[in-house]
Number of protein chains: 2
Amino acid sequence: MRLTTKGRYAVTAMLDLALHYKDGPITLADISQRQGISLSYLEQLFSRLRKQELVDSTRGPGGGYRLSRDSHQIAVADVITAVDEKVETTRCGGLSNCQDDEQCLTHDLWTELSTQIHDFLMGISLGNLVERQGVQKVAARQEQAETHFVTTEDAVVNS
Amino acid sequence: MRLTTKGRYAVTAMLDLALHYKDGPITLADISQRQGISLSYLEQLFSRLRKQELVDSTRGPGGGYRLSRDSHQIAVADVITAVDEKVETTRCGGLSNCQDDEQCLTHDLWTELSTQIHDFLMGISLGNLVERQGVQKVAARQEQAETHFVTTEDAVVNS
DNA sequence: AAATACTTGACTAAAATGCTAGGTTTTGTT
DNA sequence: AACAAAACCTAGCATTTTAGTCAAGTATTT
């Protein structure tokens, strides 16, 4: 289990989907604008998310992406592992011949540690995150900014 | 908190130190041979580990590195954060202006998640790892291989 | 003095990151 | 039927990070 910014972007995007679940399919363009992630990068990420069946896609006008199931049924770990390559280029891959045709000292250790982190992140769902104060606060600001962008007449209201 | 192979190498090396604590200062050359990590890379890692005061070094013949304190007092998290740059090149660094001069959706979230993983890895000490079966087993094999290397007359004993 | 141990800095190949550009399909709306 | 909005695909690019290597030191102890 690797923890990089890639997984973070994916979690951000999925969290955006969770927050706007009731608005029907969400376009990547929307997410791109709200979260400041480039459209093409989102396409990359969602290609994987779709293959892992974490999201459903609808093509054509009015289309977009939706969570494939309730936000409480999608763990942060699911999202992160979906976008992470599982290539395991490190020498302790699937095989255990990482050192002199034997198992290196941290082979078991690392997989175990990895498992525990995985389990931990399995315990946190997108639904959990949506319920958090900080997330709600930022989401509210983002929605406000969006409104500003669409209709400019009420731009002074929230200064 | 990032989890990469670099941190893993560091944990492996520190675990080696913990396993050979009673043998006095351990040279990087020893660790390099036992764990199959290049000497120069170890030097890089240990430079950081020393600066974080996780190890004590002794120069000169018979010198080497030792854990700076009991293996139960050194957490896996300590080791990983020591070798990881804290530069935070990602846009959500110390400042919270990651998106439109405001805080991005996962800013708080990610730091919180990161904190929880950190706490989790704080709960696992090198001492804990040493006590594990798998580690003991591999360590025994490594020591055996080492003996083989030094004295060849008893090479047939453990076949 | 010499062996041994550690330090420093420059360099590199490979991979990951994040983006750009330019498509093609699919599908609802006019 | 034509158009436009969206997903979806492919290729490539610039930059950074990773995982090291190499060379030339400095320091300490026997």
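Chain letters run A, B, ... following the sequence lines, proteins first and then strands; every chain starts at 1.
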- Query: Mind checking whether B:L42 and B:S32 have side chains closer than 4.5 Å, heavy atoms only?
  - Reply: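 Sidechains of B:S32 and B:L42: in contact.
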- Query: Does any donor-acceptor pair link the side chain of A:E43 with the base of D:dC8 at a separation under 3.5 Å?
  - Reply: yes
- Could you tell me whether the side chain of A:R59 has a donor or acceptor atom within less than 3.5 Å of a complementary atom in the base of C:dT27? no
If only side-chain N and O atoms of [X] are considered, is one of them under 4.0 Å from the OP1 or OP2 phosphate oxygen of [N]?
{"X": "B:Y9", "N": "D:dG20", "answer": "yes"}
{"X": "A:R50", "N": "D:dC9", "answer": "yes"}
{"X": "A:S57", "N": "D:dC8", "answer": "yes"}
{"X": "A:Y41", "N": "C:dG18", "answer": "yes"}
{"X": "A:T5", "N": "C:dG18", "answer": "yes"}

- Query: Closest heavy-atom contact between B:D70 and B:H72?
  - Reply: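 Heavy-atom minimum between the residues: OD2-N, 2.8 Å.
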May I have the distance from [X] (atom [atom1]) to [N] (atom [atom2]), rounded to whole angstrom?
{"X": "A:Q44", "N": "D:dA7", "atom1": "CD", "atom2": "C1'", "result": "15 Å"}
{"X": "A:D30", "N": "D:dA7", "atom1": "CG", "atom2": "C1'", "result": "14 Å"}
{"X": "A:L42", "N": "C:dT20", "atom1": "CG", "atom2": "C1'", "result": "14 Å"}
{"X": "A:R48", "N": "D:dC9", "atom1": "CZ", "atom2": "P", "result": "12 Å"}
{"X": "A:L28", "N": "D:dA5", "atom1": "CG", "atom2": "P", "result": "16 Å"}
{"X": "B:I31", "N": "C:dC6", "atom1": "CD1", "atom2": "C1'", "result": "13 Å"}
{"X": "B:L39", "N": "D:dA23", "atom1": "CG", "atom2": "P", "result": "14 Å"}
{"X": "A:L49", "N": "D:dA7", "atom1": "CG", "atom2": "P", "result": "13 Å"}

- Message: Can you classify the ring geometry of A:F46 versus A:Y65 as parallel (below 30°), tilted (30 to 60°) or perpendicular (above 60°)?
- Response: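 Tilted: the ring planes of A:F46 and A:Y65 meet at 30° to 60°.
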- Message: Categorize A:F46 for me: base, sugar-phosphate, or nothing, with a 4.0 angstrom heavy-atom threshold over every strand shown.
- Response: nothing
- What does B:S40 touch in the nucleic acid at a heavy-atom separation under 4.0 angstrom: a base, only the sugar-phosphate, or nothing?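 Base, at least one base atom sits under 4.0 Å.
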- Taking atom types as modelled, is there a side-chain donor on A:T58 or A:R66 under 3.5 Å from an acceptor on the other? yes
- Below 4.0 angstrom, N of the basic side chain to O of the carboxylate: do B:R69 and B:D56 qualify? no
- Message: Assuming nearest nucleotide by heavy-atom distance, tell me which of A:G63 and B:G7 is located more 5' along DNA chain D.
- Response: A:G63
- Query: Between D:dT28, D:dC8, D:dA4, which one does the side chain of A:Y65 approach most closely?
  - Reply: D:dC8
